[in-house]
Protein chains: 2
Amino acid sequence: MRTRQLKSFIVLAEELHFGKAAERLHMQQPPLSRQIKALENELEVMLFKRNNRKVELTEEGAFFLQEAKAIITRLTAAQHTLKAMGNGEAGTLRIGFVDSSITERFVITMGRFKDQYPKVIIELEEKVSVEQVAAIGEGSLHIGFIRTQLAKTHELSHINVINEPYIIALANNHPMAEQETVSVYELAKEPLIFFPHRKNPGFYNWVLNGFAQYDLMPKFGFEVERDQAAEMFVAGGFGYTLLPSTSCRMGRRGLTYKRIQEPFLDLRISMAWNPAHECPLVNNFIDVFKQQAG
Amino acid sequence: MRTRQLKSFIVLAEELHFGKAAERLHMQQPPLSRQIKALENELEVMLFKRNNRKVELTEEGAFFLQEAKAIITRLTAAQHTLKAMGNGEAGTLRIGFVDSSITERFVITMGRFKDQYPKVIIELEEKVSVEQVAAIGEGSLHIGFIRTQLAKTHELSHINVINEPYIIALANNHPMAEQETVSVYELAKEPLIFFPHRKNPGFYNWVLNGFAQYDLMPKFGFEVERDQAAEMFVAGGFGYTLLPSTSCRMGRRGLTYKRIQEPFLDLRISMAWNPAHECPLVNNFIDVFKQQAG
DNA sequence: CAGAATGATGCGATTTAGGTATTATTATGC
DNA sequence: GCATAATAATACCTAAATCGCATCATTCTG
């Protein structure tokens with residue numbers, strides 16, 4: 001059976017006239033007759049009751065008309081969706097991220113993309129960077145927002161999207177709050193309000209390494225699970241905490257933010273994707289992301 | 001596009017191997033390759049990512065797989081329904097009836113038919129006999145239960161389904177309740193509890209004719225709209241009413257049923273259908289009806 | 001009864017689809 | 001690292017299907 005036959009059948013059912021239907025189908029009348037006949041043979045059912053002067057649908061024909069219309073409609077819709085997928089206007093975009101990549105810009109980009117490509121479904125997954133890189137390589141993730149610095153020769157393409165120093169938050173009435181900047185040597189003497197090692201070992205060790213560059217060890221104060229709790233303890237004067245510099249835009253009353261005098265730790269987030277996969281969705285997302293930058 | 005291509009696509013999507021898929025499709029591998037290629041060309045989309053060793057669905061392919069399955073499923077279901085319609089096991093059966101044709105047997109037959117052919121939809125329409133005959137002739141009604149006596153040479157086939165005399169109902173304590181039968185001459189002197197002329201003029205006049213055979217006129221008592229009301233008046237001793245003889249099977253307490261001495265009025269219901277239409281639904285219905293008779 | 005309308009049929013040319021044999025490429029094993 | 005097996009694509013041929021044109025057959029109309 002051919003879709004053309006179904007289309008012919010639908011047109012003929014509307015016209016109830018072989019000649020006129022054939023005209024609408026840009027074909028001659030005899031092949032249309034044979035097409036319908038072939039369809040009827042295949043279905044083993046007469047779809048039209050016809051003598052040499054009149055054509056009308058049989059009961060079976062009336063039923064099959066509904067079905068044929070439904071089928072053709074669905075097929076046509078599917079073809080349109082496929083075309084949209086080819087343009088990156090439909091489909092599912094899977095994006096990975098690490099916790100610290102969720103910035104204002106990230107959220108705004110998501111919103112813009114959703115506005116511009118409303119038919120695209122975005123699936124967001126939080127994953128550590130190495131897992132994201134593996135997932136992008138094998139294709140189960142389209143795009144990743146990762147901490148890992150990829151080599152320029154890496155099989156994945158990437159661009160830096162965040163590159164900013166970590167700064168510290170202090171209580172307003174803290175003695176160091178008077179200074180312009182704070183030295184790591186001073187910091188090491190002050191209690192660090194931090195999260196427990198088990199929560200994010202990679203980041204935890206990375207901070208330790210930051211101190212270790214200067215042969216220092218942080219002095220640990222309270223361990224808290226959530227950022228908000230950390231800010232409360234800092235505001236209470238129990239020590240300091242670390243955060244990416246742009247996070248202080250949404251600064252809290254009672255806290256002061258200070259840069260660290262020496263080069264210390266930088267938050268570097270890259271957006272990575274697999275150029276080998278040639279996915280229009282990805283290209284569109286990157287475009288929207290870059291627009292947002294400008 | 002051919003349905004065969006969709007089926008091939010579905011099988012290949014399941015096997016992800018041209019050779020095995022071709023085997024399942026009872027064809028060779030090269031034509032399957034070409035079929036898929038042709039489908040991809042028509043859709044202007046690659047459905048499979050494949051090198052010479054591996055076959056896997058693209059995102060577009062995964063989407064189209066769902067659609068193709070839905071389409072083929074629907075088409076297959078439609079074909080089955082068409083086949084069932086050809087056997088008279090599916091479709092819509094339109095049956096006309098007149099009020100007095102609704103007997104126990106009628107209802108039981110409907111139930112049997114519905115049990116035996118659960119996929120058939122029965123549409124019942126109350127219509128006077130002449131309209132039913134016209135509707136059956138033009139095909140808008142499959143079967144009619146009519147009062148009209150059709151000639152044997154009539155274009156519609158028919159069988160008698162009810163042929164029974166009208167009898168009368170009387171109050172138990174009515175003087176005539178003692179007699180074996182009642183004469184029309186006696187009846188004409190007794191008030192007839194009847195429905196108003198406007199409710200069913202044909203039947204009303206037919207009853208008048210019954211009396212007119214004997215140069216009589218009924219003596220009209222109360223006019224009531226419903227049978228139940230008539231029975232109440234009869235039980236109250238206000239006169240008699242007419243009813244088909246088998247209706248007294250469901251007789252009411254307080255009422256006595258008497259045959260009429262002279263030939264008077266007979267209820268004759270025929271079941272009529274159009275043999276020219278050759279509808280398996282109709283044949284099946286007639287079969288069930290005849291079974292019920294035996 | 002003649003003619004117009006209309007669906008079916010016959011026929012030849014073209015296109016399409018399937019089968020077989022072969023090729024090209026890639027993964028695997030020694 | 002090379003030979004071999006596996007596997008999808010391609011070439012080529014044959015068979016089938018489809019189309020357009022011409023014609024036929026039937027039926028409705030005046």
Side-chain angles (χ1 to χ4, degrees), chain A residues 1-58 60-62 64-65 137-139 155 276-277, chain B residues 1-58 60-62 64-65 68 72 137-139 155 276-277:
Chain A
M1 192 184 304
R2 313 192 126 177
T3 55
R4 171 181 294 186
Q5 282 177 297
L6 293 182
K7 287 174 188 169
S8 299
F9 166 65
I10 291 169
V11 172
L12 179 59
E14 285 167 1
E15 296 289 341
L16 292 177
H17 188 293
F18 278 79
K20 288 174 191 164
E23 197 175 345
R24 261 183 62 186
L25 291 162
H26 308 294
M27 66 192 301
Q28 305 292 51
Q29 169 264 319
L32 177 60
S33 284
R34 285 187 297 242
Q35 243 180 49
I36 298 297
K37 197 175 169 186
L39 183 62
E40 288 176 326
N41 282 340
E42 187 167 354
L43 296 173
E44 296 179 325
V45 147
M46 291 303 279
L47 297 170
F48 296 96
K49 215 179 335 179
R50 52 194 186 275
N51 51 31
N52 291 27
R53 295 290 293 180
K54 222 183 236 173
V55 179
E56 55 183 329
L57 279 169
T58 60
E60 288 91 344
F64 193 64
L65 177 59
E138 73 163 31
E155 62 161 333
H277 285 160
Chain B
M1 193 184 302
R2 314 193 125 179
T3 55
R4 171 179 295 186
Q5 283 177 296
L6 293 182
K7 288 174 187 168
S8 298
F9 166 65
I10 291 169
V11 171
L12 180 58
E14 284 168 1
E15 296 289 340
L16 294 176
H17 186 293
F18 278 79
K20 288 174 191 164
E23 196 176 346
R24 261 183 62 186
L25 291 163
H26 308 293
M27 66 190 303
Q28 306 294 2
Q29 168 265 319
L32 176 59
S33 285
R34 285 187 302 242
Q35 241 181 49
I36 298 298
K37 197 175 168 186
L39 184 61
E40 288 176 326
N41 282 340
E42 186 168 355
L43 296 173
E44 297 178 327
V45 145
M46 291 303 278
L47 297 170
F48 295 96
K49 216 177 337 177
R50 51 193 186 275
N51 51 31
N52 291 27
R53 294 290 293 179
K54 225 184 234 173
V55 179
E56 54 184 329
L57 280 169
T58 60
E60 287 91 344
F64 193 64
L65 176 59
I72 292 298
E138 74 163 33
E155 62 162 332
H277 285 160

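Residue numbers begin at 1 in each chain, while the letters A, B, ... track the order of the sequences. Only a predicted model underlies this, so the values are computations on that prediction, with no experimental measurement involved.
The side chain of A/Arg4 approaches D/dC19 more closely than any other nucleotide in the set D/dC19, C/dG7, D/dA8. For A/His17, taking side-chain heavy atoms from C-beta onward, the closest of the listed nucleotides C/dG18, C/dT6, D/dC21 is C/dT6. Of the candidates D/dG20, D/dT7, D/dT10, the closest approach to any side-chain atom of B/Ser33 belongs to D/dT10. Across D/dT10, D/dT18, C/dG7, the shortest atom-to-atom separation from the side chain of A/Gln29 is found for C/dG7.
Distance, B/Phe48 CZ to D/dT7 P: 16 Å, rounded to whole Å. Between the CD atom of B/Glu56 and the P atom of D/dT7 there is a distance of 16 Å, rounded to whole Å. One can place CD1 of A/Ile36 at 14 Å from P of C/dT9, the figure rounded to the nearest angstrom. Rounded to whole Å, the distance from CZ on B/Arg50 to C1' on D/dT10 is 13 Å. For the pair B/Leu32 CG and D/dT10 P, the computed distance is 14 Å after rounding to whole Å. Between B/Gln5 atom CD and C/dA17 atom P the separation is 7 Å, expressed in whole Å. Separating the CZ atom of B/Phe18 from the C1' atom of D/dA6 is a distance of 15 Å, rounded to the nearest angstrom. The nearest whole Å value for the distance from the CZ atom in B/Arg2 to the P atom in D/dA16 is 14 Å.
Atom CD of residue B/Gln5 and atom CD1 of residue B/Ile10 lie 12.0 Å apart, to the nearest 0.5 angstrom. For the atom pair CD of A/Glu14 and CZ of A/Phe9, the computed distance is 10.0 Å after rounding to the nearest 0.5 Å.
Residue side chain B/Arg34 reaches the base of C/dG19 through a donor-acceptor N/O pair under 3.5 Å, judged by distance alone. For C/dA17, the base has no donor-acceptor partner in the side chain of B/Gln35 [N/O atoms by modelled type, under 3.5 angstrom].
Counting heavy-atom neighbours within 6.0 Å of A/Glu15 CD, excluding the residue itself, gives a total above 12.
Here the side chain of B/Glu40 pairs a donor or acceptor atom with the backbone of B/Leu47 at under 3.5 angstrom.
Residue A/Lys54 is classed as having no contact, given no heavy-atom separation below 4.0 Å to the nucleic acid. Within 4.0 Å of A/Gln28, counting heavy atoms only, lie sugar-phosphate atoms of the nucleic acid but no base atom.
Under the 4.5 Å side-chain criterion, counting only non-hydrogen atoms from C-beta, A/Arg2 is not in contact with A/Lys7.
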